[in-house]
Amino acid sequence: MHFTSEQRLDDGVLEREFTLGEIPGTLWTPESAEPAPLILMAHNNGLPKREPRLVARARHYAAYGYAVAAIDAPGCGDRPRSAADEQARVDLRRAMRAGEPVDEIFESFIGPLVENAVPEWRTTLDALLALPEIGGGPVGYSGWTAVGIRLAVLEPRIAAAGFFAGGYVPRAQREEARQVTVPLLFLLQWDDEGNPRQRALDLFDAFGTKEKTLHANLGGHTGTPWFELEDGARFFDRHLK
């Protein structure tokens, strides 16, 4: 892992850009002499690690005492996209304009994004846990539901997860949800125009964990109330500290 830049933010959080082979990432760490528990944070469906809502969440958790890491996995952010991915995005825009079904188009490019992202997240996790400023204990995950499901199933170091119900979840991950056994906080925007409510409720029901909590709030896709960050911090405190 090679750090390429760093800056100390107004809240005392240290923000550093890094590369790990071809993987670009950002690490936020609190102003503390003690090693901090780690949260991996991913945005939905290929958006960049510098997306403002992700950065705001990461800085909040870092100021709260956590190390937070985000990466641009293959096909995400500024990383190259395959010709098939680009065609799927063109087909998706066309289908949405025409009011046609879009599930199969989503499946064709979100499924491979998840498959390609998870190995890089695990490689990143290995490198992060070797840093002295990061505690070697249980790890949390926050964000993109599809990637989080697969990570929670494959990665025993993930001890708690916070998922957002606002992105498409491929069929493979909807099936894998039954194998998720870590404590789960699931956030749902009740009026999310791009995420059928019943599908999100069915997914919550499918999770295999015995400790799962659903927070549903009125509003559209980007309207998650700020207080959910405070609830999320308390959730991670219970399981990571």
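Remember, predicted model here, so these are calculated numbers, not experimental data.
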* For the pair L201 and L214, evaluate side-chain contact (heavy atoms from CB on, under 4.5 Å) and give the outcome as yes or no after the intermediate values. => CA-CA 9 Å; L201 294 173; L214 172 67; 3.8 Å; yes

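- F236 and Y141 fall into different hydrophobic clusters, where Ile, Leu, Val, Met, Phe, Trp and Tyr are joined by side-chain heavy atoms under 4.5 Å apart, directly or via other members.
- Under a hydrophobic clustering in which Ile, Leu, Val, Met, Phe, Trp and Tyr are joined whenever their side-chain heavy atoms come within less than 4.5 Å, directly or via other members, M41 and I134 fall into different clusters.
- Note on residues 199-212: pairs passing side chain to side chain donor-acceptor pair (under 3.5 Å), not counting sequence neighbours, are D103-R199, Q198-D202, E211-H239.
- In this structure D192 satisfies the side chain to side chain donor-acceptor pair (under 3.5 Å) test together with H221, sequence neighbours excluded.
- Annotation: side-chain contact (heavy atoms from CB on, under 4.5 Å) contacts of D237 (sequence neighbours excluded): Y64, Y66, K241.
- P30 and A67 make their closest contact through CD-N, 4.1 Å (heavy atoms, listed as atom of the first residue, atom of the second, distance).
- No continuous path of ILVMFWY side-chain contacts below 4.5 Å connects W28 to L20, so the two sit in separate hydrophobic clusters.
- Counting only residues at least two apart or on different chains, the salt bridge (Lys or Arg N to Asp or Glu O under 4.0 Å) pairs with a member in residues 54-65 are D11-R59.
- Screening L125, V68, L240 against L38 for a side-chain contact (heavy atoms from CB on, under 4.5 Å) leaves a single residue, L125.
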* Report the C-alpha distance between I149 and F207 in whole Å, list the side-chain angles of each, state the deciding distance to 0.1 Å, and finish with yes or no for side-chain contact (heavy atoms from CB on, under 4.5 Å). => CA-CA 9 Å; I149 289 172; F207 287 117; 3.8 Å; yes

* For D91 and Q87, what are the C-alpha separation, side-chain angles and deciding distance, and is it a side chain to side chain donor-acceptor pair (under 3.5 Å)? -> CA-CA 6 Å; D91 292 344; Q87 185 59 52; 2.9 Å; yes

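- With E31 contributing its side chain and L14 its backbone, the two residues share no donor-acceptor pair below 3.5 Å.
- Inter-residue side-chain proximity for E107 and R171 is flagged as met; some heavy-atom pair is nearer than 4.5 Å.
- Under the 4.5 Å side-chain heavy-atom criterion for ILVMFWY residues, a single connected hydrophobic cluster contains both W226 and L54.
- Nearest heavy-atom pair, L128 versus A69, reported as atom, atom and distance to 0.1 Å: CD1-CB, 3.5 Å.
- Between V114 and P170 the shortest heavy-atom distance is CG2-CG, 4.5 Å.
- A pairwise comparison of heavy atoms in E120 and D72 identifies OE1-O, 4.3 Å as the closest pair.
- The only option from F109, F106, W144 that meets the ring pair (Phe, Tyr, Trp, His ring centres under 6.0 Å) definition with Y168 turns out to be F106.
- Taking every heavy atom of both residues into account, I105 and A88 meet most closely at CG2-O, 3.3 Å.
- When the side chains of ILVMFWY residues are joined at heavy-atom separations under 4.5 Å, either directly or via intervening members, W121 and V169 end up in a single hydrophobic cluster.
- We find the OG1-CZ distance between T26 and F3 to be 10.5 Å, quoted to the nearest 0.5 Å.
- Annotation: ring pair (Phe, Tyr, Trp, His ring centres under 6.0 Å) contacts of H215 (sequence neighbours excluded): none.
- N195 contributes atom CG, which lies 8.5 Å from atom OG1 of T145 (distance to the nearest 0.5 angstrom).
- Heavy atoms only, all atoms of each residue included: V13 and A63 are closest at CG2-N, 3.6 Å.
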Only distances under 3.5 Å count here; give the side-chain donor-acceptor pairs of residues 151-164 to other protein atoms, sequence neighbours excluded, each with its distance to 0.1 Å.
from : atom 1 : to   : atom 2 : distance (Å)
E155 : OE1    : R122 : NE     : 3.0
E155 : OE1    : R157 : NH2    : 3.1
E155 : OE2    : R157 : N      : 3.1
E155 : OE2    : R157 : NE     : 2.8
R157 : NH1    : D126 : OD1    : 2.9
R157 : NH2    : D126 : OD1    : 2.7

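- Separation of atoms CZ (R81) and CG (L113) is listed at 8.0 Å; rounding is to 0.5 Å.
- Looking at L27 and T29, their side chains come closer than 4.5 Å, going by heavy atoms from C-beta outward.
- Of the N and O atoms on the side chains of E176 and Q173, at least one donor lies less than 3.5 Å from an acceptor on the other residue.
- The side chain to side chain donor-acceptor pair (under 3.5 Å) check on R197 picks up nothing, with sequence neighbours excluded.
- Under the rule for a side chain to side chain donor-acceptor pair (under 3.5 Å), the partners of R234 that lie at least two apart in sequence or sit in another chain are D231.
- Counting only N and O atoms by type, the side chains of E17 and T4 include no donor and acceptor under 3.5 Å apart.
- To the nearest 0.5 angstrom, R93 atom CZ is 8.0 Å from R89 atom CZ.
- Separating the CD atom in E51 from the SG atom in C76 is a distance of 12.5 Å, to the nearest 0.5 Å.
- For E86, the side chain to side chain donor-acceptor pair (under 3.5 Å) test picks out no residue, with sequence neighbours left out.
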Tell me which donor-acceptor pairs under 3.5 Å the side chains of residues 181-190 have, and how far apart each pair is, sequence neighbours excluded?
from : atom 1 : to   : atom 2 : distance (Å)
Q189 : NE2    : L218 : O      : 3.4
Q189 : NE2    : G220 : O      : 3.2
Q189 : NE2    : G223 : O      : 3.3

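- When the side-chain contact (heavy atoms from CB on, under 4.5 Å) test is applied to E34, the partners found at least two apart in sequence or on another chain are S32.
- Residues satisfying the side-chain contact (heavy atoms from CB on, under 4.5 Å) criterion with R178, sequence neighbours excluded, are E175, A206.
- A distance of 8.5 Å separates CZ in R8 from CZ in R16, rounded to the nearest 0.5 Å.
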